[in-house]
Number of protein chains: 2
Amino acid sequence: MTHLKTLETPELILVKRIPDAFKAQVDRIAEAIIYLYTESRRLTKDQAAKVGLTGPQLSVVKILEEIGDLSLSDLSERIRAQNSTVTGIVDRMEREGLVDRKRSADDRRVVHIRLTDKGAKLARSLSFEPFEIFRGAFENALSPQELLQLLTLMDKLATYVRSETDGRDVRAASGK
Amino acid sequence: MTHLKTLETPELILVKRIPDAFKAQVDRIAEAIIYLYTESRRLTKDQAAKVGLTGPQLSVVKILEEIGDLSLSDLSERIRAQNSTVTGIVDRMEREGLVDRKRSADDRRVVHIRLTDKGAKLARSLSFEPFEIFRGAFENALSPQELLQLLTLMDKLATYVRSETDGRDVRAASGK
DNA sequence: GATAAATGTTTCGTGTGCGAACTAATTCGC
DNA sequence: GCGAATTAGTTCGCACACGAAACATTTATC
């Protein structure tokens, strides 16, 4: 139980109080975001380690199982990483015999990544879902109304940030 | 968006409707968290690059400026990384002449990391604050009431997750 | 006070993660 | 058509990031 650092006494709200309280609130929210992110990553990694995979590799296995074969670029977009990063991940998975590469016939630049039998078998044995880790927390910590509130607020935030950074962002240019 | 794997039996449909909506909401929130996190990281990195630093190095400089000398372990805790990671970061910063190491006199196991003159000068030239990046978004996208709402909800979430993972987590044992 | 347990740091091996430069294949401009 | 710009993927160099093991120094235990 993190004791709420009761955000400051009314009588002091004169000049600097509002900005200060604002700053403290933002910091706390930012910390929470970072905490939730890193914790979910850690848990994913633990799950993956149980079957001899890394976190990103587990994501790749599940995505390929759910969607089917994907080009490397599409895969990169899915796991929000650069092509050069995914090349390495796929290299190591190929070495382990979990996936293989097949050059596309229509466009000989693209490479399709697909699960091998071994990879597919592994995928079926996994109950993992990307955000499953959050689900318990959301379900137990928040009421349905609160969940909806949170969704609305996060959406506003994300939309705002996206609108601010769009245009100067290389990847976002594609429009997704 | 995320397509639903329908393998439900007819009689379960009634009960499953609500969970499906729930799942979709959770996924959206999780995506927003991930998006905000990665975007803030990217912006931090850009800021840091302007003065020839990496993201983590910028954090170290600002922390040392604000708090003063720190042991490597304390520094690790501050930036939420393992000691072995921070050893590398400090190595590279030492090579650049931004910090140096000094063995403690009381406990010769510990190493104090401190800014050199060069590092301190750099620190003073930086207006950066860790969560500054979020501040504009929070200020412009949300009303004060919404901000407070969001803080409350995120606190609940973080507290819940923390209580769940505490005990089985090595690092968290210290209790912050 | 010698041995054992704990603590702080480093070393090592592996796996991301990114941007820049490169190659090969495709499309655009004219 | 044909050269120029684009696009898909890889390679390279660097900087995290983590866990396990090694190492040094305290502290605890007897």
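Below, read A as the first sequence line, B as the second, and so on, with proteins coming before strands; counting in each chain starts at 1. Values reported hereafter were calculated over all heavy atoms of this structure, with side chains retained and with hydrogens, waters and symmetry mates removed.
When rounded to the nearest whole Å, the span between CZ of B/Arg41 and C1' of C/dC18 equals 11 Å. Straight-line distance from the CG atom of B/Leu72 to the P atom of C/dT7: 17 Å, rounded to whole Å. A straight line from CG of A/Asp107 to C1' of D/dT6 spans 12 Å, rounded to a whole angstrom. In this structure, B/Leu75 atom CG and C/dT9 atom P are separated by 10 Å, rounded to whole Å. When the P atom of D/dC16 is taken as reference, atom CZ of B/Arg80 falls 19 Å away, rounded to whole Å. Distance CD (A/Glu77) to C1' (D/dG9): 15 Å, rounded to an integer number of Å. Per the geometry, CD belonging to A/Gln57 stands 7 Å off P belonging to C/dG15, to the nearest Å. The distance from atom CD of B/Gln82 to atom C1' of D/dC16 is 12 Å, rounded to the nearest whole Å.
Each of A/Ile89 and B/Val86 has a nearest nucleotide on DNA chain C; the 5'-most of these lies closest to B/Val86. Along DNA chain C, the nucleotide nearest A/Ala105 and the nucleotide nearest B/His112 are compared for position; the residue whose nucleotide lies closer to the 5' end is B/His112. Comparing A/Lys45 and A/Arg101 along DNA chain D, the residue whose closest nucleotide (by nearest heavy atom) sits nearer the 5' end is A/Arg101.
A sub-4.0 Å separation between OP1 or OP2 of D/dC16 and a side-chain N or O of B/Arg92 is present.
Between the side chain of B/Arg103 and the backbone N or O of B/Arg109 there is at least one donor-acceptor pair closer than 3.5 Å.
The side chain of B/Arg95 lies closest to D/dA15 when the candidates are D/dC18, C/dC18, D/dA15. With C/dT11, D/dG9, C/dT9 as the choices, the nucleotide that has an atom nearest any side-chain atom of B/Ser71 turns out to be C/dT9. Comparing atom distances between the A/Arg108 side chain and each of D/dC12, C/dA25, C/dT16 picks out C/dA25 as nearest. Distance from the side chain of A/Asn83 is smallest for D/dG9 among the nucleotides D/dG9, C/dT16, D/dA20. Taking only side-chain atoms of B/Val111, from C-beta outward, the nucleotide of D/dT10, C/dT9, C/dC18 with the closest atom is C/dT9. In the set C/dT9, D/dC18, C/dG19, the nucleotide with an atom closest to the side chain of A/Ser84 is C/dG19. Residue A/Pro56 has its side chain nearest to C/dG17 when only C/dG17, D/dT10, D/dC18 are considered.
The residue B/Thr85 sits close to a base: some heavy atom pair falls under 4.0 Å. Across all strands, B/Thr87 comes closer than 4.0 Å to base atoms (heavy-atom distances). A/Asp106 comes within 4.0 angstrom of the backbone, heavy atoms only, and of no base. Within 4.0 Å of A/Asp46, counting heavy atoms only, lies no atom of the nucleic acid at all.
Ion pairing between a basic and an acidic side chain is recognised when a charged N comes within 4.0 Å of a carboxylate O; A/Arg78 and A/Asp74 show no such pairing.
Put simply, the side chain of B/Arg109 and the base of C/dT7 share a donor and an acceptor less than 3.5 Å apart.
Two residues are said to be in side-chain contact when any heavy atoms from C-beta on lie closer than 4.5 Å; B/Phe138 and A/Gln25 fail this criterion.
Using a 3.5 Å distance cut-off with no hydrogens or angles, the side chains of A/Ser84 and A/Gln82 do not pair a donor with an acceptor. Side-chain contact of B/Thr116 with B/Asp100: a donor-acceptor pair under 3.5 Å is absent, judged by distance alone.
Minimum interatomic distance between A/Arg28 and B/Leu151 (heavy atoms only, all atoms of both residues): CB-CD1, 3.5 Å.
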